[in-house]
Amino acid sequence: MSTATRSPQTRPPSVPAALPVLGHGLQLLRRRLDFLQEIRSHGPVVQIRLGPTRAYVVNDHTLLHQVLVTDGAKYPRGIHFRKARAVAGDGIITAYGAPHRRQRRLVLPAFNRKKVHVYADVMREVATARITAWPQDQPIDLKSEFVSLATTVATKSLFATELGTSAISVVERALPVLTRGVSLRAMDPTGLLERIPTPANRRFAATMRELHQVIDQIIASYRDREQAGEDLLSMFMLARDEETGQGMDDQQLRDEVISILLSSAETTALTMSWACHELSRNPAVSARLRAEVDSILGGQPPRYEQLPGLEFTRRVVRETLRMYPPTYFLSRSAATDLQLGGYHIPAGSTVLYSFYSQHRDPVLFRDPDRFDPDRWLPERSADVTPDAYVPFGEGAHRCVGESFALAEAMTTLATIVGQRDLRPVPGSTVRPVGTVTLMPQGLRMLAPRRRS
Ligand code: HEM
């Protein structure tokens, strides 16, 4: 049926094979990534059933642009973000509408190019210390290693003080408890489960208290200082709304600190994990990366001003984020009755979309399952649809930490390649698994020191 002949009340086509009670819930639970790719063939917007409720999946990149950008205000963020309020309060990752715009105005300047220069020194120092200490012949659980590395980078970039260094272990303990807590809460729209005093809920509350205590203590110590530092928290404290002249109060600062911790560490760690996986199974790519790093860095870890020269390293990271976008499956909800691609989307509906599925669509990216950093060369622009490549999202909530993440991933990869060889543990199999983020299941690697 063409868009012109459809009634404005026509709902998007249903994906077949829904089970009587569970709908497509089991498929999403057991084989989510394959399912998300298969349903592309049913149309640009499709209907799936999750238990008793319906949700709409957007499979077309121009319609996704409409949801996130053109009509962005009509599609606020979904349940996941509302549940994150238990952790991030009114921080940038949970705020909506005018308060969100205000927070974003205050936070954005802390992530501009000049500021990332300062955090790049932290990245270089942390990456060098950790990678130098990697074992010579023992398998490394790379994903955990990178989560720990990225948490240290985020914490030190937020708080460049002694207190900040001692906060690292608290933050490292807290992040997995809080992320799991938010995911579990998102699965219970009634909000009942979170009110029962189960051991998990008690642990969640205790972790929140401990984290708040540490952050509040650091904020108080900053308020007593004569001179501002150059770290992220100092930037947030200096920020003034250009319209009202107001800064952030202590509660808002704490919410922003937690927002940054929650959104930065795991996403960047996953990017580095997937890049190492692809390097270990693509010797030709690995050899080119090593040649670039050796010729530009001469055995030293990179300084920020050297990153633009690492062109192939950048393409490796870019291609990693195409094949393995860490935040691969996100949601919005329809604020009112809406039309999308000529279909009716009722008010209150959940609208889902997957960057993983979009980035692997052969109509948008030639040979999409091949790891090919050179597809990003300007002369091969016919192989990609640039506006379909959105690992950092788009619209009002587009990632503020993109330059930060790219600098961290490039610095870490260049440091690894300069020092180590990457080899999969014999017999191991790595598989992408879609949980809240895109996980490399089974990723264990040997990283012996380079011979020459
Ligand atoms: C490769 C790593 C990263 C990826 C793939 C990534 C991806 C994303 C995506 C897709 C969004 C939009 C979510 C939505 O539309 O609902 C987002 C938002 C956000 N990201 Fe990132 N991110 C990464 C690293 C970082 C880092 C390092 C930071 C901070 C240091 C950060 C801070 C944020 C914040 C604060 C938001 C919320 C922005 C808003 O709502 O206005 N991210 N990120």
Side-chain angles (χ1 to χ4, degrees), residues 58 64-65 67-69 72 75-82 84 88 90-108 110-112 115-116 118-120 122-123 146-147 149-158 186 231-233 235-236 255-275 314 316-333 351-356 358-359 389-413 436-438:
V58 184
L64 181 58
H65 185 81
V67 169
L68 297 178
V69 185
Y75 292 93
R77 291 194 283 200
I79 185 164
H80 226 99
F81 291 94
R82 287 201 299 281
D90 293 322
I92 183 173
I93 60 166
T94 46
Y96 173 62
H100 170 260
R101 283 195 293 279
R102 172 181 180 271
Q103 276 320 106
R104 203 173 153 94
R105 276 202 304 274
L106 288 174
V107 164
L108 264 179
F111 289 97
N112 70 26
K115 300 292 160 24
V116 174
V118 176
Y119 320 135
V122 176
M123 296 165 189
F146 286 140
V147 168
L149 185 154
T151 306
T152 306
V153 168
T155 313
K156 286 190 159 207
S157 305
L158 275 160
D231 53 18
L232 270 169
L233 177 60
M235 295 300 121
F236 292 165
D255 291 345
E256 281 332 332
V257 164
I258 296 180
S259 291
I260 298 303
L261 290 174
L262 274 183
S263 36
S264 65
E266 179 155 318
T267 45
T268 315
L270 287 171
T271 309
M272 299 186 293
S273 307
W274 283 116
R314 182 172 296 269
V316 165
V317 174
R318 201 169 161 75
E319 178 69 344
T320 303
L321 285 164
R322 181 190 65 80
M323 284 186 73
Y324 308 101
T327 47
Y328 71 104
F329 190 39
L330 294 171
S331 71
R332 294 290 191 261
S333 65
V351 176
L352 300 164
Y353 52 95
S354 168
F355 299 152
Y356 178 85
Q358 180 160 303
H359 289 177
Y389 176 76
V390 283
F392 293 99
E394 46 178 355
H397 295 285
R398 192 180 204 286
C399 183
V400 300
E402 176 173 350
S403 312
F404 188 112
L406 293 179
E408 182 173 349
M410 288 178 70
T411 302
T412 309
L413 278 187
V436 178
T437 46
L438 191 63

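In listed order, ligands and their atoms are each counted from 1.
- Of the candidates Pro325, Ala154, Ser403, Pro391, it is Pro391 that places a heavy atom closest to atom 7 (C) of ligand 1.
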Please tabulate, for side-chain N and O atoms in residues 405-413, each donor-acceptor pair with protein atoms closer than 3.5 Å (sequence neighbours left out).
| from | atom 1 | to | atom 2 | distance (Å) |
| --- | --- | --- | --- | --- |
| Thr411 | OG1 | Ala407 | O | 2.6 |
| Thr412 | OG1 | Glu408 | O | 2.7 |

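- Proximity of Thr327 to Pro391: side-chain heavy atoms (C-beta onward) are nowhere separated by under 4.5 Å.
- Contact annotation: for Ala396 versus ligand 1, heavy atoms closer than 4.0 Å belong to the backbone alone.
- What sits closest to atom 39 (C) of ligand 1 on the protein, heavy atoms only, is His100 NE2, 3.3 Å.
- At the top of the distance list for atom 12 (C) of ligand 1, counting protein heavy atoms only, stands His397 O, 3.3 Å.
- Contact of the Met272 side chain with the Leu149 side chain is registered, since non-hydrogen atoms from C-beta on lie closer than 4.5 Å.
- Between Tyr119 and Phe404, the ring planes lie tilted relative to each other; the angle falls in the 30° to 60° range.
- Within the protein, the N, O or S atoms sitting under 2.8 Å from atom 21 (Fe) of ligand 1 are Cys399 SG.
- No option in Val116, Ile260, Thr152, Leu232 other than Leu232 meets the side chain to side chain contact (heavy atoms under 4.5 Å, CB included) test with Ser157.
- Residues His100 and Gln103 have side chains not in contact (no heavy-atom distance under 4.5 Å, counting atoms from C-beta outward).
- Between Phe355 and Tyr353, the ring-plane angle classifies as tilted under the 30° and 60° cut-offs.
- From Asp255, atom CG reaches atom CZ of Phe236 across 11.5 Å, with rounding to the nearest 0.5 Å.
- Listed by number with element, the atoms of ligand 1 under 4.0 angstrom from any heavy atom of Thr271 are 1 (C).
- Those atoms of ligand 1 with a heavy atom of Thr268 less than 4.0 angstrom away are 2 (C), 27 (C).
- Residues that satisfy the side chain to side chain contact (heavy atoms under 4.5 Å, CB included) test with Ala265, not counting sequence neighbours, are Ala150, Thr151, Leu175.
- Every residue two or more places apart in sequence or in another chain that forms a side chain to side chain contact (heavy atoms under 4.5 Å, CB included) with Asp231 is listed here: Ala160, Tyr222, Leu233, Ser234.
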What verdict does the side-chain contact (heavy atoms from CB on, under 4.5 Å) test give for Tyr389 and Arg322, after you've listed the backbone C-alpha separation in whole Å, the side-chain angles of each residue and the deciding distance to 0.1 Å?
CA-CA 7 Å; Tyr389 176 76; Arg322 181 190 65 80; 3.6 Å; yes
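- Of all the heavy atoms of Arg104, the ones lying under 4.0 Å from any atom of ligand 1 belong exclusively to the side chain.
- Within the 4.0 Å heavy-atom criterion, the part of Arg332 lying near ligand 1 is the side chain and not the backbone.
- Looking only at heavy atoms of the protein, atom 37 (C) of ligand 1 is closest to Ile93 CG2, 3.8 Å.
- Taking every non-hydrogen atom of Phe355 and a distance limit under 4.0 Å, the qualifying atoms of ligand 1 come out as 10 (C).
- Side-chain contact check for Val390 versus His359: some heavy-atom pair is nearer than 4.5 Å.
- Residue contact check: Arg77 has heavy atoms under 4.0 Å from atoms 16 (O), 40 (O) of ligand 1.
- Near Pro326, the atoms of ligand 1 lying under 4.0 angstrom from a non-hydrogen atom of the residue are 5 (C).
- Residue contact annotation: Glu408 has no non-hydrogen atom under 4.0 Å from ligand 1.
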